[in-house]
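Worksheet for the structure shown next.
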Amino acid sequence: MALNTLPNLPDHDGFYAALLAAHKGLTAEESAALNAELILILANHIGDRAVLDAALTLAGQR
Amino acid sequence: MAYDYRPFPYAPPPGLTAPEPRHPVLIVGAGPIGLAMALELANHGVRSVVVDDNDVVSVGSRAICWSKRSLEIFARLGIAERCLEKGVTWKVGRTFHRDREVFNFDLLPEDGHRMPAFINLQQYYVEQYLAEAAIAHPLIDLRFKNRVTALSQSDHVRAEIGTPDGPYRLEAEYLLACDGARSPIRGLMGLDFKGELFEERFLIADIEMEADFPPERHFWFEPTFHPGQSALLHKQPDNIYRIDLQLGWDADPEAERQPDRVIPRIERVVGHSDFRLDWVSVYTFQCRRLDQFVHDRVIFVGDSAHVVSPFGARGGNGGMQDVDNLGWKLAAVLAGGPETLLESYDRERQHGADENIANSTRATRFMTPEDGAERVFRDAVLRLAGKAAFARAWVNSGRLSRPCTYPGLGPDADLPVGAAPGMVAPDAPVAEGWLQDQLRGWTLLAFNHDAPDVGLPVLHPTGDNARARYQGDAANALYLIRPDQVVAARWITATAAEVTTALSHHKEGRPWP
């Protein structure tokens, strides 16, 4: 399966707010730890190396 | 009970008084790899001289975990029974974070395999058994207190050798450097390792104590008894326990190996002081290898060619697979076969070393993360392991050694995945005993298949295990097995001409197709 870079998440504004809320009041270090867990949880859920590799590449583009 | 170190006898070599005839093989180093190499070559009818600058087995337990594949190789070398009888068989590994178990594995023995997944046995026992077998073997000339001081090569190798009675010269068709991670031969040839050195120090200790610890591998991340670092506990024979403790890069190795520093650390691990310190060392990690293992007539085998961090049992076991791979090929070359076979040793064992190095590097990185993202993700995995099943398998305290699958073998067919070309032919009980015992040279395994007449022995293994591992759901199956028990090629059905083509290809060590 290819990485889906088109709109895919209903209520993305709501998720974005939830993401910010999860980080609210955290230090930079605590935020980094939360993000790391999130990435690992989502990576396992996606379960497809090709999709994850494409995501790594896209995220690394400058 | 402490091991009774007995020096092996030194005898003045014949070369001191008269030139010796050129030997087929000179093996440098009488450690587990050099001795196994000599015995494996002797199995193929090849004589060797083995020289070692020392005259005792290894001091300290060093390599302790011997894998199923190593035990299968030991069976061929005649020491497996002694190793199994003496060693501690184990199959359960437990990984802890702080005081909570986060991951465990149970290497359940599959039905119909002779050898367990692992035994723990101190390297000095393995060396002793190998040395005794080598001393008893008429094709092996084992010379202690013989040190190579210089070497050169042309169409053969010349070595200057020092002994307590002075120097002499030896000539050999091939020199096998089995002289360990600090390989003096590598130094004499000006070769260097490439790869990673980890800025980390571990304390390693053997202690003797009466205890009821189960025969399991225990690994702790950040245990309360050793805050912020990692620790490993392994049971060995003779009431000897092996403890590895991460110290950090700033630790002073000389100070840390002093008993007044070591003993309090061990007391915190085992919870009491009723033990005897048997051996202590401090080590750093490397995951590195030579660019090439074959340098004309000098061939590097084991730690002299590649070194890995110890978590995963890939040093000694990886070296045994080098021995397995090289033995029949060198024997064939000495009998007039093509030297391309030695290129295939180089190619295949570089592949094996790279796999071992990759696995060891990943485990080491997990155990000793650098500050920054490495540590953030490592700690995230450890935290997640307490609350999500998937993350437990991500906790990496060393992925235990299995033989690699060699690329470039074939042809392949739609047959069971566990017996693909490049893999070790799986063992199975057969009418005559064990299948692997029947695989001592080029062999065909036929399942509901006529025996093609290509001048090779043909076995028709029976029994459910053999059928399941080789034939599966296919109507027929035919396998070509190399002398190192690696599957070279397989077919659903094949003509004698097809088998001959594959056989001659593999006998030249060329990658398929």
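Sequence lines set the chain letters: A, B, ... in the order given, protein chains first and strands last, and positions in each chain run from 1. This structure is a prediction, so every number in the text was calculated from the model and none was measured. The basis for the numbers below is simple: all heavy atoms, side chains too, and nothing from hydrogens, waters or symmetry mates.
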note = For A:F15, the ring-ring contact (aromatic ring centres under 6.0 Å, His included) test, sequence neighbours excluded, returns none
note = Heavy atoms of B:V376 and A:A36 approach each other most closely as CG1-CB, 3.6 Å
task = Side chain from CB out, backbone as N, CA, C, O: work out which of these in A:L38 comes under 4.5 Å of a heavy atom of chain B, or both, or neither.
result = neither
Name the atoms and distances for all side-chain donor-acceptor pairs under 3.5 Å in residues 410-421 of chain B, with sequence neighbours left out.
| residue | atom | partner | partner atom | Å |
| --- | --- | --- | --- | --- |
| B:D412 | OD1 | B:R490 | NE | 2.6 |
| B:D412 | OD1 | B:R490 | NH2 | 3.2 |

request  = Answer yes or no: are there more than 12 heavy-atom neighbours, outside B:R399 itself, under 6.0 Å from its atom CZ?
outcome  = yes
Output the donor-acceptor atom pairs between chain B and chain A under 3.5 Å, with atom names and distances to 0.1 Å.
| residue | atom | partner | partner atom | Å |
| --- | --- | --- | --- | --- |
| B:R383 | NE | A:E37 | OE2 | 2.6 |
| B:R383 | NH2 | A:A33 | O | 3.4 |
| B:R383 | NH2 | A:E37 | OE2 | 3.3 |
| B:K387 | NZ | A:E37 | OE1 | 2.9 |

query = Who pairs with B:Y470 by ring-ring contact (aromatic ring centres under 6.0 Å, His included), at least two apart in sequence or on another chain?
reply = B:F447, B:Y479
